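Here is the structure we will look at.
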Amino acid sequence: MGTGGKHHRLALISGVVLGVIGLAAAAAPWLAPYPFDAQDPGRLLQSPGVDHWLGTDRLGRDLLSRLIYGARVSMTLGVSSAVIATLLGIAYGLASGYLGGRTDNLLMRLLDVIYALPDLLLIILLTIVLGRGLTGMIAALSLVSWVTVARLVRGEVLRLKSADYLDAARALGAGHLRIVLVHLLPMMLGPLLVTLSFRIPAAILAESTLSFVGIGLAPPTPSWGGMANDGWAALRFYPHVIIVPSVAIAVTILTFNILGDYLNDRLNPRRASIAGRESSA
Amino acid sequence: MSGPMNRLAPAVVLMIDRLVWSLPVLWLVATMTFVLMHLAPGGPFDKDKTLPPEITANIEAKYHLDEPVARQYARYLGQLVRGDLGPSYKYADRDVGEIIAEAFPVSIQLGAAAFALTVLLGVGGGMLAAWRPGSWIDRGALLSATLGFSLPSFVVGVLLILVLAHQAHWFPPALWEGPRYIVLPALTLALGPAAYVARLTRASLIDVAAQEYVRVGRAKGLPPGVIWLSYLLKAGLPPVVTILGPMLAVLVTGSFVVEYLFSIPGMGRFFITAVTNRDYPLIMGVTLVYAVVIVAANLIVDLLYGWLDPRMRVGSERGR
């Protein structure tokens, strides 16, 4: 692409922004001016000011503090579910692609069933069972998004399986484990990294959407989507309560996606960047 | 393969294969939701105060919750085959089927309007961007696509409500009472998918434009209109069509946020209420209807694709 320099700069800015958000998340207890659940009944729904830089919500809780703790929740949830999903997907995709034949067929058709339902719907069904705490949410997110990774890995395995260097390795007596770990996995690190980087914002988006409609993370946990839900009722007269978390969500997801696009351009030059999604099996 | 199957167009074979395969998919979805809902802790009748045991027993008997699980499962499947989705736990005197029959058309209308917007904005935007790759139009389109892709739909909806409803008073901020009420929710629903379609269209068109035969056409001095219509769009749009089916499904099933935002009485809003109330039959019913919509949408796309792609139309030389 001719716009390499521009892309580079945009990706750099996104990286810095994400670094700041990540730092804020890590240092939340030291950075936040108030505890995330401290209510100040004398200062409900305050506009941004000296005491509360970003204002307060309808219970008088400091929005900046909740925002910082919310970053912690979003980052934890996004990164851990993406990592778990990637690991699950690698295992399943490797098994399916490497074993091939009937097993492959069966395993892929099972994936079709999961694909027959929208992600958010599945996540909702799973949270009904797993609970709406942080762990339950992470588990539900991972259990849904590994499917994409599995398909990707399987495709890569099928593509690489007949390569000459694998025949050579086999001829030299390499076992299955060695072939998979040494000869297959390292070859797909690029695409895997790209998928991983797109899974994180997808998880953050899913959680905040569910929390916004009131069926995501249960209330004591400070979640950006939950904050937006709090602000929704006061939209008309106190729009800052909803705008603050909305901007945080939008910026986080946007920067992750820009970074993912950049990685995709860099690591998968063959594949045009269409947001890292695979449209076919 | 021999016999009559050989003479059928591959598209028809594919269609039959998909139709046959969609039944076990639906059965698995039904079973999966049944299992999940039975694993879920607590039920709609768990209240803070404990009911007298006789009343609990009565309620359980009414909804057959006192039977063994296998029996419940068999009853559930039997009802499904007859198209009966069972009674709602929450809305005591209504069937899940009735509720869905009322809410589904609303979601379909919303989804269809959003789908039209998605195709218009997505394919149009993608074509504009691909007109001159690297130009400011292209970069602007790409940036707004990334933006549209990254903004959660509730953020888009809130923005639209704040600006176009509360400030400008162009459109009503909520409810579902006529054509003017459809604009903001449809737009909210469509922006994300449109961004995705735009990126796909652009990538596909640029891909085709780089092909040898297109360059030959250009070198021959064919007018740009001919290049676009009979070269670029003809070869570049089919991949976009494949994504439109899942997109339609996403629009019909993904509308619950938008229905929540704009207080629209569609399936999604009932679904959210059902989840909050642990109204399991309603949750299962809505899930199944969604699965049917998605399976059907994919079937339609396969059909369309078979019709668009000449390779799928010719006789049997490609077989299966």
Side-chain angles (χ1 to χ4, degrees), chain A residues 1-3 6 10 109-110 112-122 124-131 201 204-206 208-210 212-215 224-225 228-229 231-232 235-236 239 242-243 245-247 249-258 261 271-275 277 279-280, chain B residues 21-22 24-26 28-29 32-33 36-37 39-41 133-134 138-139 145-147 149-155 158-159 161-162 166 173 195-196 199-200 202-204 206-207 239 242-243 246 249-250 253-254 256-257 260-261 268 271-272 275-276 278 280 283 286-287 290-291 294-295 298:
Chain A
M1 306 231 157
T3 50
K6 266 250 157 57
L10 210 55
R109 294 235 146 164
L110 275 176
D112 284 348
V113 178
I114 303 184
Y115 252 70
L117 289 175
D119 286 2
L120 274 183
L121 183 74
L122 269 175
I124 295 171
L125 292 180
L126 285 169
T127 50
I128 294 175
V129 180
L130 299 168
I204 295 177
L205 177 63
S208 55
T209 300
L210 292 186
F212 175 74
V213 296
I215 52 178
W224 288 342
N229 185 27
W232 173 229
L235 175 70
R236 194 76 202 254
I242 195 168
I243 289 173
S246 298
V247 169
I249 296 167
V251 167
T252 307
I253 295 174
L254 182 68
T255 45
F256 264 120
N257 278 339
I258 291 176
D261 276 343
R271 254 170 268 196
S273 59
I274 39 169
R277 295 187 165 191
S279 48
S280 62
Chain B
W21 173 237
S22 62
V25 166
L26 292 180
L28 274 172
V29 168
M32 200 172 70
T33 36
L36 278 179
M37 293 307 101
L39 285 175
D138 180 31
R139 266 183 275 148
T146 311
L147 213 63
F149 193 71
S150 301
L151 286 179
S153 52
F154 68 86
V155 174
V158 164
L159 270 178
I161 292 174
L162 270 177
H166 287 340
Y196 184 62
R199 295 185 61 151
L200 191 68
R202 172 185 178 272
S204 175
I206 289 179
D207 210 37
T242 39
I243 202 69
V250 165
T253 60
F256 68 92
V257 181
Y260 176 88
L261 261 178
F271 185 68
I272 294 176
V275 170
T276 333
R278 297 189 167 277
Y280 296 143
I283 296 175
V286 173
T287 306
Y290 279 162
I294 291 171
V295 167
N298 284 327

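Side-chain atoms are counted along with the backbone in the values below, which use heavy atoms only and exclude waters and symmetry mates. Note that this is a predicted model, so its numbers are computed, not measured. Convention: sequence-line order gives letters A, B, ...; per-chain numbering from 1.
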What's the spacing between A/Ile215 CD1 and B/Tyr260 OH if we round to 0.5 Å? 9.5 Å
Between B/Leu261 and chain A, with a heavy-atom cut-off of 4.5 Å, which part of the residue counts as in contact: side chain, backbone, both or neither? both
Please report the shortest heavy-atom distance between A/Ala228 and B/Phe154, naming the atom on each side. CB-CE1, 3.8 Å
Using non-hydrogen atoms and a 4.5 Å limit, figure out which bit of A/Ile243 sits close to chain B: side chain, backbone, both or neither. side chain
Return the option, out of B/Thr287, B/Thr33, B/Thr276, B/Val286, with the maximum number of heavy-atom pairs under 4.5 Å with chain A. B/Thr287
Using non-hydrogen atoms only, which part of A/Leu205 is less than 4.5 Å away from chain B: side chain, backbone, both, or neither? side chain
Contact part of A/Ile204 toward chain B, heavy-atom cut-off under 4.5 Å: side chain, backbone, both or neither? neither
Would you mind checking which part of A/Leu254 comes under 4.5 Å of any heavy atom in chain B, side chain (CB onward), backbone (N, CA, C, O), both or neither? both
Under a 4.5 Å heavy-atom cut-off, does chain B meet the side chain of A/Leu117, its backbone, both or neither? both
Walk me through it: do A/Leu125 and B/Met32 pass the test side chain to side chain contact (heavy atoms under 4.5 Å, CB included)? CA-CA 10 Å; A/Leu125 292 180; B/Met32 200 172 70; 5.5 Å; no
Roughly how far, to the nearest 0.5 Å, is CD1 of B/Ile294 from CG of A/Leu121? 7.5 Å
From the list A/Gly231, A/Ala250, A/Pro118, A/Gly131, the residue making the most non-hydrogen contacts under 4.5 Å with chain B is A/Pro118
Quick one: list whatever passes ring-ring contact (aromatic ring centres under 6.0 Å, His included) with A/Phe256, sequence neighbours left out. none
Going by side-chain contact (heavy atoms from CB on, under 4.5 Å), name the residues that satisfy it together with A/Leu126, two or more places apart in sequence or in a different chain. A/Leu130, A/Ala140, A/Leu143, A/Val144, B/Leu36
Please find the pair of heavy atoms, one from A/Ile124 and one from B/Phe271, that lie closest to each other, and give the distance. CD1-CE2, 3.6 Å
Please find the pair of heavy atoms, one from A/Ile249 and one from B/Pro152, that lie closest to each other, and give the distance. CG2-CG, 3.4 Å
